[in-house]
Amino acid sequence: MKAAVIGSGAWGTAFAKVLGDAGSEVTMWARRETVAAEIRDRHGNEGSLPGIRLSKRITATTDLAEAVDGAELIAIAVPSQTLRGNLADWAGFFPADATVASLMKGIELGTLKRMSEVIVETAGVAPERVVVVSGPNLAPEIAAEQPTATVVACTDEDRARQVQHALATPYFRPYTSDDVLGCELGGAVKNVIALAYGMASAIGLGDNTKASLITRGLAETSRLGVALGADPLTFAGLAGLGDLVASCSSRLSRNRTFGEHLGRGESLEQAQTATRQTAEGVKSCLSIRDLARAHAVEMPIVEQVEKVCHEGADPRVAVKLLMTREMKPES
């Protein structure tokens, strides 16, 4: 398969590596020529994935039209809240029948749309041409070829299988699903729960607390998903529980790390300066909260994370408020 990867961060680079190792010819698009030249000429991207060597099947350019020319698969790995603005400039270059893969995990502010919906609306791509890749996707581990599995979700089963085969390597095992909605929600909400997990870690709370956050966070995700029409079984799989556990428990997780900074009393600005990475949950907690309210779904962890991130609430107070909510049966 001839593939393009738009975005040269850690996940975009790791995804390009998987495609290249599986046999595809890959052209990456990078904003900066220095990054493109390093990928093209030295087969690495030290700024995003130090020490990782990329296949010679992978090249790079700063010219978007060149990157996607003739591509059968176009994978997009940019910050979710920038997608709409970028697609307005990019979509005209996409080949007519190319599969567009979303590697992003977020809900758009304002519109409350999932990333696949933004692609369909802004790029004029038919829904059946959009594939979502979700699961425990910690880029440094994938790039180091540590075995993992992921989900390729698409309403077109044949297209999902094509992408599945294009990604299959001895260290990367893709499964297919037709539940695009559920996979996207799982990927978006887990970022917010991982922020809460990081806060809990930083203020010294124990494993019981952390296990409770994971399980109750999964319950919140499932409630919202079911209300929107997702398959509840999706949240018990790789794109639900799998992604949630990895993002909460791993120190490679951007959202967990960001949450730790907030738990130590740092402001959003201080945490951003310290991490120097995009923590999608910081913005998505606002849109997920609004989406839940619009569908009358209770998401108390998401509500408290939003208060800490955007209203200056103390994480310890947030924990107390969660623990003193009205008692209800587990659901």
Side-chain angles (χ1 to χ4, degrees), residues 7 9-11 31-32 47-48 50 77-86 104-112 115 138-140 187-207 209-210 212-214 216-217 220-221 243-244 246-293 298-325:
W11 182 207
R31 289 191 182 278
R32 291 178 292 151
S48 294
V78 299
S80 60
Q81 303 304 328
T82 71
L83 177 61
R84 183 178 295 273
N86 283 322
M104 299 154 291
K105 298 177 178 179
I107 303 293
E108 189 177 41
L109 291 167
T111 69
L112 309 185
M115 296 298 99
L138 296 165
V189 181
K190 63 92 183 181
N191 287 331
V192 182
I193 307 304
L195 286 170
Y197 190 102
M199 294 177 205
S201 299
I203 62 181
L205 299 178
D207 291 336
T209 307
K210 295 171 186 176
S212 298
L213 279 172
I214 288 175
R216 295 314 302 164
E220 291 190 17
T221 309
D243 205 2
L244 179 61
S247 293
C248 287
S249 62
S250 176
R251 295 196 175 276
L252 295 174
S253 165
R254 297 178 180 187
N255 289 279
R256 172 191 161 145
T257 301
F258 202 102
E260 288 175 341
H261 285 278
L262 295 176
R264 289 194 285 268
E266 296 178 23
S267 66
L268 276 182
E269 292 74 18
Q270 289 170 323
Q272 184 67 63
T273 299
T275 59
R276 293 182 297 176
Q277 292 180 320
T278 300
E280 295 281 11
V282 173
K283 291 183 178 178
S284 285
C285 66
L286 290 163
S287 48
I288 293 167
R289 178 205 62 186
D290 291 346
L291 189 62
R293 289 179 178 177
E298 283 191 298
M299 300 189 76
I301 299 174
V302 171
E303 293 270 357
Q304 292 304 321
V305 169
E306 185 278 324
K307 285 182 169 59
V308 173
C309 287
H310 300 286
E311 299 178 32
D314 186 322
R316 294 180 186 274
V317 173
V319 171
K320 183 177 180 180
L321 290 172
L322 284 171
M323 295 301 293
T324 56
R325 294 175 62 248

field: Closest non-hydrogen atom pair between M199 and L262, with its separation
entry: CE-CD1, 3.9 Å
task: Output yes when a side-chain donor or acceptor of T209 lies under 3.5 Å from a complementary backbone atom of L205, and no otherwise.
output: no
query: Do side-chain atoms of N255 reach the backbone of A194 as a donor and acceptor pair under 3.5 angstrom?
result: no
- prompt: Can you name the nearest heavy-atom pair linking V192 to S284, along with the distance?
  reply: CG2-C, 4.3 Å
- request: Could you go through the side chain to side chain contact (heavy atoms under 4.5 Å, CB included) check for I193 and I214 one step at a time?
  value: CA-CA 7 Å; I193 307 304; I214 288 175; 5.6 Å; no
query: Taking 4.0 angstrom as the limit, do E260 and R256 come out as a salt bridge?
result: yes
message: So which atom in V78 and which in T82 form the shortest heavy-atom distance, rounded to 0.1 Å?
response: CG2-OG1, 3.8 Å
task: Go through the structure and list residues passing side chain to side chain contact (heavy atoms under 4.5 Å, CB included) with A77, not counting sequence neighbours.
output: L103
task: Carefully, step by step, assess Q270 and H261 under the rule side chain to side chain contact (heavy atoms under 4.5 Å, CB included).
output: CA-CA 8 Å; Q270 289 170 323; H261 285 278; over 6 Å; no
task: Please examine the side chains of V302 and E220, heavy atoms only from C-beta on, and report whether any two atoms are closer than 4.5 Å.
output: yes
Residues, nucleotides or ligands: over 12 heavy atoms within 6.0 Å of R325 CZ: yes
message: Strictly below 4.0 Å, N to O, side chains only: are R293 and E303 in salt-bridge contact?
response: yes
- request: Grab the two heavy atoms, one from G106 and one from S80, that are nearest each other, plus how far apart they are.
  value: CA-OG, 3.9 Å
task: Before accepting this row, confirm whether a basic side-chain N of the pair K105/E280 lies closer than 4.0 Å to the acidic partner's carboxylate O.
output: no
For the student: nearest non-hydrogen atoms of I107 and M115, plus distance: C-CE, 4.2 Å
- prompt: How close do R254 and A10 get, heavy atom to heavy atom, and via which atoms?
  reply: NH2-CB, 3.9 Å
field: side chain to side chain contact (heavy atoms under 4.5 Å, CB included) evaluation trace for C248 with L213
entry: CA-CA 9 Å; C248 287; L213 279 172; over 6 Å; no
